[in-house]
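For the numbers below, each heavy atom of this structure counts, side chains included, while hydrogens, waters and symmetry mates do not.
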Amino acid sequence: NQTPLTVLRRSHQYAALTLLRCTMNQFVLRLNCYLYGALAITLAFLLLLIYIRGQGNHFPNPFNRKNIVYQPAVQTHGVLLGKRFNLLAYSPEQDEGHILVLGPSGTGKTSALLIPTLLSWQGTALVVDISGDISANVQVENKIIFDPTSKDCIPYNVFASIDAVDDETERLERLEQLAYLLLPDKANDSEAGVFFCKNGRKMITAALICYYGMGWDFIRICEHFLSNDWRSLLNDIASQQNQTANMYISSFAGASEQNTAGCKQAADDALKLFATNEKIKNALRKTASYEQSISPATLETNSIYIYIPDEKLKIYGDLLRIITAQSMEYFSARPKGNKQMILFCLDEFASFGKLQITESLRKLRKRHIRIMVLTQSLADLDMIYGKDERKAMLGNFKFTILLGCKDTETQEYFSKMIGDKPSFGDDENKNNRPIIRPAELAHLEQDLYVICDDGAVRLRKNFYFKS
């Protein structure tokens, strides 16, 4: 029994309440729009700041991938470079490009780069394992360990690439190349040293051509070479009436006996390891038809880990140089149709002596071969190759990974290579500040720099035992 006035009043109250509710809803909606808009603008501004700062520090543009890919660990296969934001930075296995790793002993060249890479690599690999740590921590299928110190060593066939060719001219060229591997030129050698080296190599070439043609194996040739003085050796080669072999020794007829003896001594020094060391002779022995042996061609189906104890490195350096150099020769002639990726890992690179590495870096990029060179400093390369060839060598590495450096020259070089921080404004007199000062490169600790087409990227080290 409400009066008309009461009904009217309540009607007005309901209308006012509805209007207030609508107004409040509109206010909340506008407020939300403003807040979301402000949040979106703030996020965009922050992303812009992060991008600008990243460019200033040579961080890669995440929207413009060139060389380095960032993925969760389970999705990575290739050369693992480091970590960022709980993602692994890596170069995909099928990509082209060789890798140079520089860092003093103990900075993680093996544990933060080589072992993680081998664990993720799906192709085969040739690895020089100085301490045995690499093979022990990389459990993969189809792995052969070549251990010349072991009595049960699977032998390496030095003549495999020579046996594989039918063309006589090609066979002679490969025998001559083997002589060069056994007695290579030495950097900064004296005039007398160059003479003895060049002519000692002629003796080795003649012996290889002559006695290989007679069916002798490599060890027997070396033993025979050292068992005879220069006169007996040259007379014996000449008596075999091998015309090509005799051409290499004809220049010794009527030559100074003292000089000829010096040439023979240089050749003896080059072959002594293979003629006198029983372990090496066992590791390079001639195999029976039913016995397994290895050669560079084995890498098409198996990974080969060459184990050399650290204390034996200087003694066995000549063997390492022959195996690595013959492998590079094999890779250079590898058919382009072979798609299996092979990773060629040269740890303690300075221990190999002088290799024809620059030419291989240029040629092998299209042969599905990736070379990873690990050494302590640029000074190590300069001692063996000289600065000019080292510069040419560095120009053929797609990735240079720096884990630290101690010598000031290397620090200055890489500080300039990493670049300067960007300066904002028009002040031309403003001094450019390096992204990292030279002295700081000696104290990277858990970080490393990757220098590539993406710029100089700072990453955290990815130790295999912390993964």
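A salt bridge is absent between K286 and E291; no separation between the charged side-chain nitrogens and carboxylate oxygens falls under 4.0 Å. A salt bridge links R334 and E300; the closest N-O separation between the charged side-chain nitrogens and carboxylate oxygens is under 4.0 Å. Salt-bridge annotation for D217 and R220: absent, with no side-chain N of the basic residue lying under 4.0 Å from a carboxylate O of the acidic one. Comment: K281 engages E223 in a salt bridge, judged by a side-chain N to carboxylate O separation of less than 4.0 angstrom. We find that D268 and K264 are joined by a salt bridge, their nearest charged nitrogen and carboxylate oxygen being less than 4.0 Å apart. Salt bridge annotation for E96-R370: absent, with no cationic side-chain nitrogen under 4.0 angstrom from a carboxylate oxygen. For the pair R460 and D447, the salt-bridge criterion is met [side-chain N within less than 4.0 Å of a carboxylate O].
Between the side chain of Q71 and the main chain of L88, no donor-acceptor pair closer than 3.5 Å is present. A donor-acceptor pair under 3.5 Å is absent between the side-chain atoms of K363 and the main chain of A333, judged by distance alone. Looking only at distances, a side-chain donor or acceptor of Q139 sits under 3.5 Å from a matching main-chain atom of A136. Here the side chain of K461 pairs no donor or acceptor atom with the backbone of S111 at under 3.5 angstrom. Within the 3.5 Å criterion, the main-chain N or O of R437 finds no donor-acceptor partner in the side chain of S415. Side-chain atoms of N137 come within 3.5 Å of backbone atoms of D133 as a donor-acceptor pair (strictly under, hydrogens ignored). Judged purely by atom type and a 3.5 angstrom limit, K83 has no side-chain atom pairing as donor or acceptor with the backbone of N462. The backbone N or O of I68 lies less than 3.5 Å from a partner atom in the side chain of D454, making a donor-acceptor pair. Remark: the backbone N or O of Q356 is paired with a side-chain donor or acceptor of S360 at under 3.5 angstrom. Under the 3.5 Å distance criterion, the side-chain polar atoms of R321 are matched with a main-chain donor or acceptor of L181.
In this structure, the ring of F274 has its center less than 6.0 angstrom from the ring center of F218. Ring pair Y212/F159: centre-to-centre distance below 6.0 Å. For F331 and F344, the ring centers sit closer than 6.0 Å to each other.
No side-chain heavy atom of T117 sits under 4.5 Å from any side-chain heavy atom of Y464. Residues L378 and L102 form a side-chain contact, since some pair of their non-hydrogen atoms from C-beta on lies under 4.5 Å apart. D163 places a side-chain heavy atom less than 4.5 Å from the side chain of N157. By the 4.5 Å heavy-atom criterion applied to side chains, M372 and L114 are counted as neighbours. Counting heavy atoms from C-beta on, the side chains of Y330 and L299 never come closer than 4.5 Å.
Heavy-atom contacts from other residues, nucleotides or ligands closer than 6.0 Å to NZ of K312 number 12 or fewer. Shown here is D388, whose CG atom has no more than 12 heavy atoms of other residues, nucleotides or ligands within 6.0 Å. Atom CG of N142 has more than 12 heavy atoms from other residues, nucleotides or ligands within 6.0 Å.
Scanning both residues, K406 and P104, for their nearest heavy atoms gives CG-CG, 3.8 Å. Across all non-hydrogen atoms, the minimal contact from A456 to I418 is CB-CG2, 3.7 Å. Nearest heavy-atom pair across T324 and V128 is CG2-CG2, 4.5 Å. Shortest non-hydrogen contact noted between I323 and S327 is O-OG, 2.8 Å. Summarising the geometry of E348 relative to I130, their closest heavy-atom pair is CG-CG1, 3.6 Å, with the distance given to 0.1 Å. The two residues Q411 and A442 have their closest heavy-atom pair at NE2-CB, 3.6 Å.
Using modelled atom types, one finds a donor on one side chain and an acceptor on the other under 3.5 Å when comparing D269 with Q265. Counting only N and O atoms by type, the side chains of D147 and T149 include a donor and acceptor under 3.5 Å apart. For the residue pair S232 and N235, no side-chain donor N or O sits within less than 3.5 Å of a side-chain acceptor on the partner.
Atom CG of N242 sits about 10.5 Å away from atom OH of Y248, to the nearest 0.5 Å. Taking CD1 of I304 as the reference point, atom OH of Y156 lies at 8.0 Å (rounded to 0.5 Å).
Scored by the salt bridge (charged side-chain N to carboxylate O under 4.0 Å, His left out) test, D382 finds R390 as partners (sequence neighbours excluded). Residues that satisfy the ring pair (Phe, Tyr, Trp, His ring centres under 6.0 Å) test with W230, not counting sequence neighbours, are absent from this structure.
For the side chain to side chain contact (heavy atoms under 4.5 Å, CB included) criterion with H98, the lone passing option out of V79, L361, I357 is L361. Put simply, the residue from I401, L444, L403, V457 that forms a side chain to side chain contact (heavy atoms under 4.5 Å, CB included) with Y449 is L444.
Between Y211 and H224, the ring-plane angle classifies as perpendicular under the 30° and 60° cut-offs.
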